[in-house]
Amino acid sequence: MRIGIISDIHSNLEALTQSLAALERNRPDRVMCLGDVVGYGASVNECCALVRKVAAVTLLGNHDAAVAGRMDYSFYYDAARHALDWTASRISPDHLEWLRSLPYAHRLEGIQFTHGNPVVPDAYEYVFAIEQARELLPHLDALAEVNFIGHSHLCKAFALNAAGDVTEVVATKFGLRRGYKYVISVGSVGQPRDCDNRASFVVYDSDARVVEFH
C-alpha cells in the first residue's frame, strides 16, 4: 500500500492545493493527515473542507486542539496566540465539531501516526534532533516499527534499535532495515521551517518498505 502523509497545513490553501496535486501524481492508496490543519494562515474553512475530503484519517494537532478548546494556549507566543484567536472566530461550527472529534494517534499494521512524540501524542513534544530521538529508547517496545510525526515542520528521520543505537537517516528516499524502528518527521505543507520554502510531504510504500520525502 502506498500512503501519502501530509502535516502542518496551517490554513495555507495554496500550499495544500499544490501539495495534493503533487501527491496525486504519486498515486497513493490513501492519504493521512498528521494535524495542524488550522492556525497562522487565512483559509481556515477551505483547508478543513479539503482535508476532510481527501484524508482517510486526520489527527489532532496542537493548533487544532487550541482552536477546538481542547488545550490551553495562553502560554503561546503573541503571534501564534493571536492567529489562534482569529481562527477560532472564523471557523464554521461544522469544522469546529470535526476538530473536536479528531484522535491523537492512529495505527495500522506496523505503522503509527501522531502529530508529535509518538510515545505521548497528547503532550505535543518535539522530536527533531538526535538527542530527542535517543529519549525514545526506553520506550522502544511501545513504538511501532515505523512512526510518522509532524509538529516540527522539519524533514527528519531517525533509526533506533534495541542495542541503543540511534542514527539520523540523511536521505530523501530510503528503505527500512529489519531490526530497527523509525521515527520520521514528514515536514510541513503550509509553513516549512527547514530553510527550504517548498511544501513537503512523504510517500510510504509499505510493501516495498520504502520512505520518500517530496
Side-chain angles (χ1 to χ4, degrees), residues 1-13 15-39 46-65 68 95 98-122 124-128 143-158 169 172-176 181-192 199-214:
M1 177 168 52
R2 290 174 60 79
I3 306 171
I5 308 159
I6 60 175
S7 190
D8 295 279
I9 296 147
H10 287 296
S11 300
N12 185 336
L13 182 62
L16 177 59
T17 301
Q18 292 299 312
S19 296
L20 290 176
L23 179 55
E24 183 60 30
R25 292 193 289 272
N26 287 272
R27 300 185 177 181
D29 297 300
R30 69 173 62 180
V31 176
M32 309 291 288
C33 176
L34 305 187
D36 275 1
V37 178
V38 302
E46 296 88 345
C47 286
C48 285
L50 189 48
V51 170
R52 293 177 73 174
K53 179 181 177 181
V54 302
V57 174
T58 301
L59 303 181
L60 185 76
N62 55 302
H63 284 253
D64 307 321
H95 294 319
W98 173 64
L99 292 183
R100 288 174 175 160
S101 74
L102 297 180
Y104 290 107
H106 183 76
R107 278 209 180 211
L108 298 173
E109 185 176 353
I111 314 170
Q112 176 166 274
F113 305 90
T114 58
H115 185 67
N117 186 317
V119 176
V120 281
D122 59 342
Y124 297 120
E125 296 173 345
Y126 290 100
V127 182
F128 61 80
L143 293 176
E145 185 175 9
V146 56
N147 304 268
F148 291 102
I149 64 173
H151 195 32
S152 72
H153 298 213
L154 301 176
C155 297
K156 294 279 186 175
F158 303 98
V169 182
T172 57
K173 184 176 182 179
F174 58 93
L176 304 186
K181 292 189 174 182
Y182 291 82
V183 178
I184 299 165
S185 176
V186 303
S188 172
V189 168
Q191 195 185 79
S200 62
F201 59 85
V202 159
V203 174
Y204 175 52
D205 188 324
S206 60
D207 297 322
R209 294 171 53 82
V210 171
V211 175
E212 185 171 7
F213 288 98
H214 292 262

Under 4.5 Å between any side-chain heavy atoms of Val37 and Leu16, yes or no?
no

Quick one: are Leu23 and Val54 in side-chain contact, heavy atoms under 4.5 Å?
no

Just by distance, do the side chain of Asp205 and the backbone of Arg2 share a donor-acceptor pair under 3.5 Å?
no

Do Phe113 and Leu108 have side-chain heavy atoms sitting under 4.5 Å apart?
yes

Heavy-atom closest contact (Ala199 atom, Ser19 atom, distance):
CB-OG, 3.3 Å

Main chain of Phe128, side chain of Ser185: is a donor-acceptor contact present, judged purely on distance under 3.5 Å?
no

Where is the tightest heavy-atom contact between Asp207 and Met1, given as atom of each residue plus distance?
OD2-N, 2.7 Å

Of all residues at least two apart in sequence or in a different chain, which pass the ring pair (Phe, Tyr, Trp, His ring centres under 6.0 Å) check with His106?
none

Any Glu145 side-chain heavy atom under 4.5 Å of Arg209 side chain
yes

Side-chain (His115) to main-chain (Leu34) donor-acceptor, under 3.5 angstrom
yes

Quick check: does any side chain N or O of Ser188 sit under 3.5 Å from a backbone N or O of Asp8, one acting as donor and the other as acceptor?
yes

Sorted by chain and number, sequence neighbours left out, side chain to side chain donor-acceptor pair (under 3.5 Å) with Thr114 holds for none

Looking only at heavy atoms, the pair that brings Ala56 and Met32 closest together is CB-SD, 4.5 Å

Are any side-chain N or O atoms of His214 and backbone N or O atoms of Ser200, one a donor and one an acceptor, separated by less than 3.5 Å?
no

Candidates Phe148, Phe213, Tyr182 - the one meeting ring pair (Phe, Tyr, Trp, His ring centres under 6.0 Å) with Tyr204
Phe148

Name all residues meeting the ring pair (Phe, Tyr, Trp, His ring centres under 6.0 Å) criterion together with His95; count only those two or more places apart in sequence or in a different chain, and write none if there are none.
none

Less than 4.5 Å apart, any side-chain heavy atom of Val210 and any of Lys173?
yes

Using a 3.5 Å distance criterion without hydrogens, assess whether the side chain of Asp64 forms a donor-acceptor pair with backbone atoms of Leu99.
no

Is there a side-chain contact between Gln191 and Asn12 in this structure, where contact means two heavy atoms from C-beta onward sitting under 4.5 Å apart?
no

Check: Tyr126 main-chain N/O paired with Asn117 side-chain donor or acceptor under 3.5 Å:
no

Taking the side chain as every heavy atom from C-beta outward, state whether Ile3 and Ile111 have any atom pair closer than 4.5 Å.
yes

Above 12 or not: heavy atoms from other molecules or residues under 6.0 Å from CZ of Arg30?
no

Does any non-hydrogen side-chain atom of Ile184 lie less than 4.5 Å from one of Phe174?
yes

Look only at the side chain of Asp36 and the backbone of Asn62, and say whether a donor-acceptor pair between them is shorter than 3.5 Å.
yes

Could you check whether any side-chain N or O of His10 sits under 3.5 Å from a backbone N or O of Gly190, counting only pairs where one atom can act as donor and the other as acceptor?
no

